[in-house]
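Take a look at the structure set out below.
Not measured: the values here are computed from a predicted model. In what follows, chains carry the letters A, B, and so on, assigned in the order in which the sequence lines appear, proteins first and then strands, with residues in each chain numbered from 1.
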Amino acid sequence: MDKVFSPRDIEQRLYAHWEANGWFAPRGAGAPFCIVIPPPNVTGTLHMGHAFQDTIMDALTRYHRMRGADTLWQPGTDHAGIATQMVVERQLAAEGKRRTSMTRDAFIERVWEWKAHSGGTIARQLRRLGASVDWSRDRFTMDPGLSAAVTEVFVKLHEDGLIYRGKRLVNWDPVLLTAVSDLEVLSEEEDGHLWHLRYPLADGSGHVVVATTRPETMLGDTAVAVHPDDDRYRALVGRDIALPLTERRIPVVADTYVDPAFGSGCVKITPAHDFNDYEVGERHGLPKLNIFTPQASINDDAPERFRGLDRFEARKRVVAELEAAGLVERIEAHKLKVPRGDRTRAVIEPYLTDQWYVRVAPLAQPAIEAVERGDIRFVPGNWSKTYFEWMRNIKDWCVSRQLWWGHRIPAWYDAAGRVYVGRDEADARRRHNLAPDLPLTRDPDVLDTWFSSALWPFSTLGWPARTPELAKFYPTSVLVTGFDIIFFWVARMVMFGLKFMDGRPPFRDVYIHGLIRDGEGQKMSKSKGNVIDPLDIVDGIDLESLVAKRTTGLMQPHLAPAIEKTTRRQFPQGIEPYGTDALRFTFAALATQSRDISFDLGRVAGYRNFCNKLWNAARFALLMVESTGDTGAADASDFPIADRWIRSRLGRTLEAVDAAFAEYRFDYAATALYEFTWYEFCDWYLELAKPVLQGEAGAAAQRTARRTLLETLEILLRALHPLMPFITEEIWQRIAPLAGRAGATVMLAPWPARADLPVDEAAEAEAAWIQRVILVLRQVRGEMNIAPSRRIPVLASHGSAGDTERLARHGLYLTRLAGLERIDVLAAGAHPPAAATALAGDLQLHVPMAGLIDAGAEIERLGKLIAKNENELKKARGKLANENFVRNAPPDVVAQERERIAGFERDLAQLGPQLARVRSLLPAP
RNA sequence: AGGCGCGUAGCUCAGUGGUAGAGCACUUCCUUGACAUGGAAGUGGUCGGUGGUUCGAUCCCACUCGCGCCUACCA
């Protein structure tokens, strides 16, 4: 083995080997365990959030697979209607072409070409992360099977009256020329103006003042509203306004929607261009006058001179004309929330169109109950509140999109505009008894991508066909996802799952993980220029490439210099290659229940070092075995103390890891494994085992030590495998045969059984004594700055019979690990020489000062120790002096406090005289 | 406006009604035959503030300050 672990050499080779052997597929036996991957956008690339999520899913999958479950991690991608169409349209634009100048079929052909060309990126990246998904079952939302599922669901929902078509206000993206859902609109506060306009009464008896942030919409006003109880305007209700710039008269209506305290108390009502005004209009039977084209310029229903103007041009023109007419009372600066499309950033218009809607209230009720009943469990549990909050205020879901790329709505219209829904045109004719020659045209719209995503847990398993996979793996075991798509996706999957799978939810647990942010807590985004490609952490990247990556393809190119500067400051050396295992272990360690996770490259470096530590522990084990060539079995009935101890500790570690996986605490699992590996296995066990392995305790003990070394390392590798698949496999291939474990791969080896490694209290107590003695001696060495290579003599005194016996028994360990020249027991009654003294209970360990220790330093050290003990003693005594404490606290807490006091008193009784002795060595001042 | 969350070591974060923890950073010593991506020792925190409950509060409760997210929004 190389001296340093280099992931680059092994990862891709091992993954290819696993995949070629078909080891990711379900094995057909055992309890089913299934996760469906949240389908990433087929044209996208893997970001840190994906990598985090995939690490968690892979850890769960590998863990349950090793535990013998019949395990399926179902992969796939979604077609991302809007995003993909935009990408391809941009490509066309670069060629000087437009979508609208080609046929729909030709365009869709282009999209498929693009998918074939770049759709594999995500899959390649997933492989690099070690994701053990069953590639043979890879699915895409536009596959024929999944498309059939979409049609089936649409038709059934329509049959049940849960899908309807209606003319409503929708969020309209005037760039994409499609409706988008509420969830795809981001409202952010921006600087704008509030225009206060004078609207004259039709009879010339005065005017009212209305305020607006969008003056151009006044062309579509069909009323002015006041509050019914507002005395100022009561007399105006029912009278007419002469709407400026138009020839129209509009009524004054009374509606409680108006807040009399805001502004003038008069509100212009534009039912076709404002959601609130729409409601007011419905209540008062007002006409809905649409004044915009789909591109949001003024249409032919507005006065002629405004027609064709873009909405923002029209705004200027309207304001100018009103000002000229003296109808602008004032203009004030105003902050307002501007709705923008999450893809285009274009200002979204409420726009009156025909759309398809899912009536969600009847679907939401069972979905709420499923979580209330506990059929579905959110982890952490608090997220159920977010889910309930949204579910209980849910609105109908606009599912039609005016795009070409996506699942086309299975609805046909006759010449009169009557609509017929069916699985295909023939089915539609059959269902509605239409003549074969009746001309029908298909609805041009497609469905929201989330509509197909909502079917994912059962469509990927073969629904509507009743496949064996569906029978076995539905409901799936756990959904792993981020809180940002609880509304978009989780809620909708629950609704559709319950509806179409006989009331059975799509998953048992929903594990919600945090959002990966950069090292400074900022959300990672291309426009901020702070994204990190997870594979750049795996493979490393030089500074120039990183800068180039972050500054090309920006939506706002003017940000490039700032991004470059920050990048150069934060990564002056670029990013080192850390390997997949280190990255994965970092994700696991960061997977706390926190909502935000700041990603710190320093952590990755730390876990890269951890990989190297493990690598070198294995290297040591192999060296030990190779040097003697003897791997034969030893007598397990007589394990020496270090062996018994490490087995016991490993058993406790497995217990902690099992508990951690059961509650989705990957941070606990990572910490338990890290601490065991480094602090117990490497720091203590290997060091204790060294002299034995090197033959200093005889051949039998050597054989036994070798056996424990190989066995515990082999078990540890299995326990680490779900989090660090590559390094564990690479080492396991070499260690397992020596440890007597057969098998082609660690990924199919059984998960280590906790019961094989029972707790050994006696061994742990014995080891604790050894560690304590070594530790206090090292403290003396450390604080006295004694070079590690310097062997020191030690004299022991005041020890119990047990101490003396242990000193004799463990002399080898103590000598090696504390760097001793010799350790002798001082004869009873004899006085130790001038020495620095370490305490281990009653046992005193004297390090003669001659030539080694500076009396002043020892005085300082003792002084600190005494002060610390006195401080704790004082606190503990204070507690016990309080009779309420003694009376009310649990007896074991009181007893523990008494023990602590005894310990402090004992140490102080020893330290005080020792300090006096050392002081007496110094010349009098 | 409503909902949720956060504030613990210089930084990033765990945590518990009973002696405050980790990684990184920092200080000192050490290239000893697994590993300098290493070893040994060490420094560092009135757990945001105030009050309450309790024998005891970093933890539970109330209020408060600061920060963040989500949802709905007044023209």
Dot-bracket for RNA chain B, 5' to 3', counting Watson-Crick or G-U wobble pairs under 3.5 Å, with [ ] for crossing pairs and | for inter-strand pairs? (((((((..((((....[..)))).(((((.......))))).....(((((..]....))))))))))))....
What's A:Arg608 touching, base or sugar-phosphate or nothing? Going by heavy atoms closer than 4.0 Å. base
Return whichever of A:Asn785 or A:Arg665 has its heavy-atom-nearest nucleotide of RNA chain B closer to the 5' end. A:Arg665
Report yes if a donor N or O on one partner sits less than 3.5 Å from an acceptor N or O on the other, where the partners are the side chain of A:Lys3 and the base of B:rC35; otherwise report no. no
P atoms of B:rG18 and B:rC30, separation to the nearest Å: 43 Å
Quick one: do A:Glu188 and A:Arg340 make a salt bridge, cutoff under 4.0 Å? no
Counting any heavy atom closer than 4.0 Å, what does A:Arg790 reach on the DNA or RNA strands: base, sugar-phosphate only, or nothing? nothing
Base, sugar-phosphate or nothing for A:Glu687? Non-hydrogen atoms, less than 4.0 Å. base
Less than 4.0 angstrom between a side-chain N/O of A:Thr671 and OP1 or OP2 of B:rA14, yes or no? no
Looking across every strand, which nucleic acid part, if any, lies under 4.0 Å from A:Ser594 by heavy atom: base, sugar-phosphate, or nothing? sugar-phosphate
Is the phosphate of B:rG15, meaning OP1 or OP2, less than 4.0 Å from a side-chain N or O of A:Tyr668? yes
Is it true that A:Arg791 and A:Glu821 have a side-chain N and a carboxylate O under 4.0 angstrom from each other? no
From A:Asn612 atom CG to A:Lys3 atom NZ, the distance as rounded to the nearest 0.5 Å: 10.0 Å
What I want to check is whether the side chains of A:Glu389 and A:Thr386 have a donor and an acceptor closer together than 3.5 Å. no
Can you tell me how far CG of A:Leu601 sits from OH of A:Tyr578, rounded to the nearest 0.5 angstrom? 5.5 Å
For A:Asp277, which contact category applies under a 4.0 Å heavy-atom criterion: base, sugar-phosphate, or nothing? nothing
Tell me whether the guanidinium CZ or amine NZ of A:Lys613 lies under 6.0 angstrom from the six-membered ring centre of A:Phe681 and within 45° of its axis. no
Output, in order, the C-alpha distance, side-chain angles, deciding distance and verdict of side-chain contact (heavy atoms from CB on, under 4.5 Å) for A:Tyr685 and A:Thr708. CA-CA 10 Å; A:Tyr685 169 67; A:Thr708 298; 3.4 Å; yes
Using a 4.0 Å heavy-atom cut-off across all strands, classify A:Arg603 as base, sugar-phosphate, or nothing. base
Nucleotide by nucleotide, 5' to 3', does protein get under 4.0 Å of the base (B), only the sugar-phosphate (S), or neither (-) in nucleotides 70-75 of chain B, counting heavy atoms? SSBBBB
Parallel, tilted or perpendicular, as decided by the 30° and 60° cut-offs, for the rings of A:Phe483 and A:Trp383: parallel
At 4.0 Å (heavy atoms only), tell me whether A:Cys682 reaches a base, stays on the sugar-phosphate, or touches nothing. base
B:rC29 base to A:Arg781 side chain: any donor-acceptor pair below 3.5 Å? no
